[in-house]
2 protein chains.
Amino acid sequence: MPEFPCDSVGLVAPQTAHFDDPLALACGKTLPAYDLVYETYGTLNAEGTNAVLICHALSGHHHAAGYHAADEHKPGWWDAHIGPGKSIDTNRFFVVSLNNLGGCHGSTGPVSENPDTGRQWGPDFPMVTVGDWVHSQARLADRLGIERFAAVIGGSLGGMQALQWALTYPERIANAVVIAATPKLSAQNIAFNEVARQAIRSDPDFHNGWYDEHGTVPRRGLKLARMVGHITYLSEDAMGSKFGRDLRSEDLNFGYDVEFQVESYLRHQGDTFSSSFDANTYLLMTKALDYFDPAAVHGGVLARAVAPAECPFLVVSFTSDWRFPPSRSRELANALIRAGKSVSYVNIDSPHGHDAFLLPEPRYQSVFGAFMSRAARELGLEEHA
Amino acid sequence: MPEFPCDSVGLVAPQTAHFDDPLALACGKTLPAYDLVYETYGTLNAEGTNAVLICHALSGHHHAAGYHAADEHKPGWWDAHIGPGKSIDTNRFFVVSLNNLGGCHGSTGPVSENPDTGRQWGPDFPMVTVGDWVHSQARLADRLGIERFAAVIGGSLGGMQALQWALTYPERIANAVVIAATPKLSAQNIAFNEVARQAIRSDPDFHNGWYDEHGTVPRRGLKLARMVGHITYLSEDAMGSKFGRDLRSEDLNFGYDVEFQVESYLRHQGDTFSSSFDANTYLLMTKALDYFDPAAVHGGVLARAVAPAECPFLVVSFTSDWRFPPSRSRELANALIRAGKSVSYVNIDSPHGHDAFLLPEPRYQSVFGAFMSRAARELGLEEHA
């Protein structure tokens, strides 16, 4: 038996659900068939009432908790919050975590085969939106026998999906947890995404998205996109206390090799990412972020857009998050209140910037855990450890 | 006679000063000879006591005020603040504005000929620092018969030069005006610079800096560098009120053409810059920013670093500047106070972010103008309009 931490879901394995029902997308195109790769943790109860859905962010995937192998040391991306006794307590809840459509971790996306051509979809893969994801996630719920989620939960772009769930399927979601998100991107948010897209699209190895057929990878562009992204994920203070102006070697080298530690960190982050993530997927994900704006069809009035929601909300922001600052979460919380919804809003004191939603922090864990416990009690869920 | 605004310095022309004295640089190399291109506005008085030096920022140059041609519509980059009756009143002051060493607007830099090889310096041009610039500027002052500047003035990287002047040549500077600057870059500032450098250096057309010999220009990299830069020059609010989430056409196109106005703006800024600025110069300028840290050799204690200064300081910041936020200017003002210096500090309420230092704003102009008037009075300068 491998030795995993006792509050870990342990060894997990992804599964694949194939869907033959065509999916009509917001862009006007239709996806004829698709796969969704997902993982589950915990046990679905007989009534099917204890399922929670985890929605991932820009570069996330289905592997949210546990380990894929006995000798693995790094658990899933949200392991700090999913497991026995954790905020999303797998002794109570059945957790479903998927890779979204358009992703590059197994679900149908640009690296999948286009049935019409027999070659990779590449840049022909249709643009997907948060709304499209929610539809596809509802079908996955049908497949798994989940009529109504005890909660839909996500951070950042994942939080937008949780919000959209409450608006699209109010009868299928008992609670929504929207963490470090925003009801819509600001011009500055879009601007940073546009820099990332231009970096990728102007890389000569991008070949208009047909890099796979050219045997290339737009690594330079992906690296730059990730470097820019990383700056926005960390707070200025977090970067300052992590790196300050520390030099990599004792003296200035007066050249373009790495001089300051922060340069080394960013280059490393960029390099790692550029050899593991698909460029077309990255482009799609940034556009899904840009497009998200549920208030747009309601004259920009968010309180009107959230009217269909019926479930209680937990909205969480982090003081040092400058990508989606607390003011954006408050905007959402206020709109929910104006619309007469039940909403708990908490602004967690954290120096870690946007990335704080991924990390364990006592007050965050306590608020998150309390909300989930209340949800479990109100749904009459029992521990089944 | 061309018709220029009556508060303009009118038609101006750059001049070139050639220096044969080798200049020892902080990086350990020596520049055997060099040119400095500069402009002057107003008249140097007989005593040579009314000269002010304007230091430029990252992508600036010597053309700070007036017009190069009768049919020109866009004046120099700081025309809002230099001219008859303006903050830097050319009826009182003789204004000197130069292109710094390493620049690409006429002063010796990477696009100049390397006398050792007969070809462009290119990437072989030695790294220059704020301290090196100040030394070269002092030589220009010698050449112009200016023993002591009535003021040395600059915004952003230019403000760092004004500060350095007060430390290196306390006897040659009567007043220092340090606007929208910082006593040193933060890790986040360095990180943004590093993204810009990586964008340029990873462009296949960069050829390790020898693009001119390859007949190429690393336009993609320069464009990305400028796009990232621009995001940091504008405040989130300024971007929001300028562009919001406005679409370029009525509907979403679900593609990668320009969709939001802010994308169009950034691409345009990037394109314009990439066809007018030298990549090696841009790299040098970002490194000069990174290196600036006068407190480093004083154990990080800024109050100790500023001890040599003798002149009064005006330190100005702008509320919405997040590139060099007000806290960085306060850090400098506090260090000056602790060191017993005379300092006026003002934080100007502006929505325009870092770029505010370039713009006319009544309170900014009033504070700046009052400081300069006091300087003129104390130096016994008369109007000579």
Side-chain angles (χ1 to χ4, degrees), chain A residues 25-29 123 126-127 129 184-192 194-195 197-199 201-205 219-221 223-224 227-228 230-231 234-236 239-246 252 254-256 258-263 265-267 270 283 287 290-291 293 296 322 325, chain B residues 25-29 123 126-127 129 184-195 197-199 201-205 220-221 223-224 227-228 230-231 234-236 239-246 252 254-256 258-263 265-267 270 283 287 290-291 293 296 322 325:
Chain A
L25 304 170
C27 65
K29 293 181 185 161
M127 205 68 91
T129 65
K184 63 170 186 266
L185 261 60
S186 68
Q188 189 187 76
N189 292 147
I190 295 173
F192 276 121
E194 172 64 5
V195 169
R197 285 190 291 264
Q198 286 292 317
R201 297 181 57 81
S202 71
D203 185 331
D205 285 334
R219 273 188 217 284
R220 287 171 296 240
K223 177 178 176 175
L224 289 169
M227 288 173 74
V228 173
H230 248 281
I231 300 178
L234 294 182
S235 70
E236 168 141 38
M239 244 185 191
S241 55
K242 205 164 174 176
F243 308 108
R245 293 176 52 85
D246 292 351
L252 297 176
F254 290 107
Y256 295 103
V258 161
E259 211 143 29
F260 296 98
Q261 292 289 5
V262 67
E263 297 172 308
Y265 169 80
L266 277 186
R267 289 189 198 180
L283 294 173
K287 289 300 274 187
D290 287 7
Y291 289 139
D293 184 7
W322 66 280
Chain B
L25 304 170
C27 65
K29 294 180 183 162
M127 204 67 92
T129 64
K184 63 169 185 273
L185 262 59
S186 68
Q188 190 188 75
N189 293 147
I190 295 173
F192 276 121
N193 280 346
E194 172 63 5
V195 169
R197 286 190 291 265
Q198 285 293 318
R201 297 181 56 80
S202 71
D203 185 332
D205 285 334
R220 287 171 297 239
K223 176 178 177 176
L224 289 169
M227 287 174 74
V228 173
H230 248 281
I231 300 178
L234 294 182
S235 69
E236 168 142 36
M239 246 187 189
S241 54
K242 205 165 173 176
F243 308 108
R245 293 176 52 86
D246 292 351
L252 297 176
F254 290 108
Y256 295 104
V258 161
E259 210 143 29
F260 296 97
Q261 292 289 6
V262 66
E263 296 172 310
Y265 169 80
L266 278 186
R267 289 190 198 179
L283 294 173
K287 289 300 276 187
D290 287 6
Y291 290 140
D293 184 6
W322 67 278

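Numbered from 1 within each chain, the chains take letters A, B, ... in sequence-line order.
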[options]: which one forms the most heavy-atom pairs within less than 4.5 Å of chain B?
{"options": "Val228(A), Asp205(A), Ile190(A), Val262(A)", "value": "Ile190(A)"}
{"options": "Leu224(A), Val258(A), Asn189(A)", "value": "Leu224(A)"}
{"options": "Pro204(A), Ala296(A), Ala26(A), Pro126(A)", "value": "Pro204(A)"}
{"options": "Lys184(A), Lys29(A), Met239(A), Arg267(A)", "value": "Arg267(A)"}

Part of [X] within contact of chain B (heavy atom distance under 4.5 Å):
{"X": "Asp246(A)", "answer": "neither"}
{"X": "Thr129(A)", "answer": "side chain"}
{"X": "Lys223(A)", "answer": "side chain"}
{"X": "Arg219(A)", "answer": "neither"}

Checking heavy atoms, do the side chain of [X], its backbone, both or neither come under 4.5 Å from chain A?
{"X": "Gln261(B)", "result": "neither"}
{"X": "Tyr265(B)", "result": "neither"}
{"X": "Met127(B)", "result": "side chain"}

Taking every non-hydrogen atom, the tightest pair across [X] and [Y]:
{"X": "Met227(A)", "Y": "Val195(B)", "value": "CB-CG2, 3.8 Å"}
{"X": "Glu263(A)", "Y": "Asp290(B)", "value": "OE2-OD2, 4.1 Å"}
{"X": "Glu236(A)", "Y": "Ser186(B)", "value": "OE2-OG, 2.6 Å"}
{"X": "Leu234(B)", "Y": "Gln188(A)", "value": "O-NE2, 4.4 Å"}
{"X": "Leu185(A)", "Y": "Arg245(B)", "value": "O-NH1, 3.0 Å"}
{"X": "Gly244(A)", "Y": "Ala187(B)", "value": "O-CB, 3.3 Å"}

Based on non-hydrogen pairs under 4.5 Å, which of Gly28(B), Gly270(B), Ser235(B), Ser202(B) is most in contact with chain A?
Ser202(B)
Heavy-atom pairs under 4.5 Å with chain A: which of Gly240(B), Gly221(B), Ala199(B) has the most?
Ala199(B)
Would you say that Tyr256(B) contacts Lys287(A) through its side chain, given a criterion of any heavy-atom pair below 4.5 Å between the two side chains?
yes
Mind checking the OH-CG spacing from Tyr291(A) to Leu252(B)? Nearest 0.5 Å is all I need.
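Spacing of OH (Tyr291(A)) from CG (Leu252(B)) equals 5.5 Å.
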Would you find a donor on one side and an acceptor on the other, under 3.5 Å apart, between the side chain of Arg220(B) and the backbone of Gln198(A)?
no
Relative to the ring of Phe192(B), is the ring of Phe192(A) parallel (under 30°), tilted (30 to 60°) or perpendicular (over 60°)?
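Parallel.
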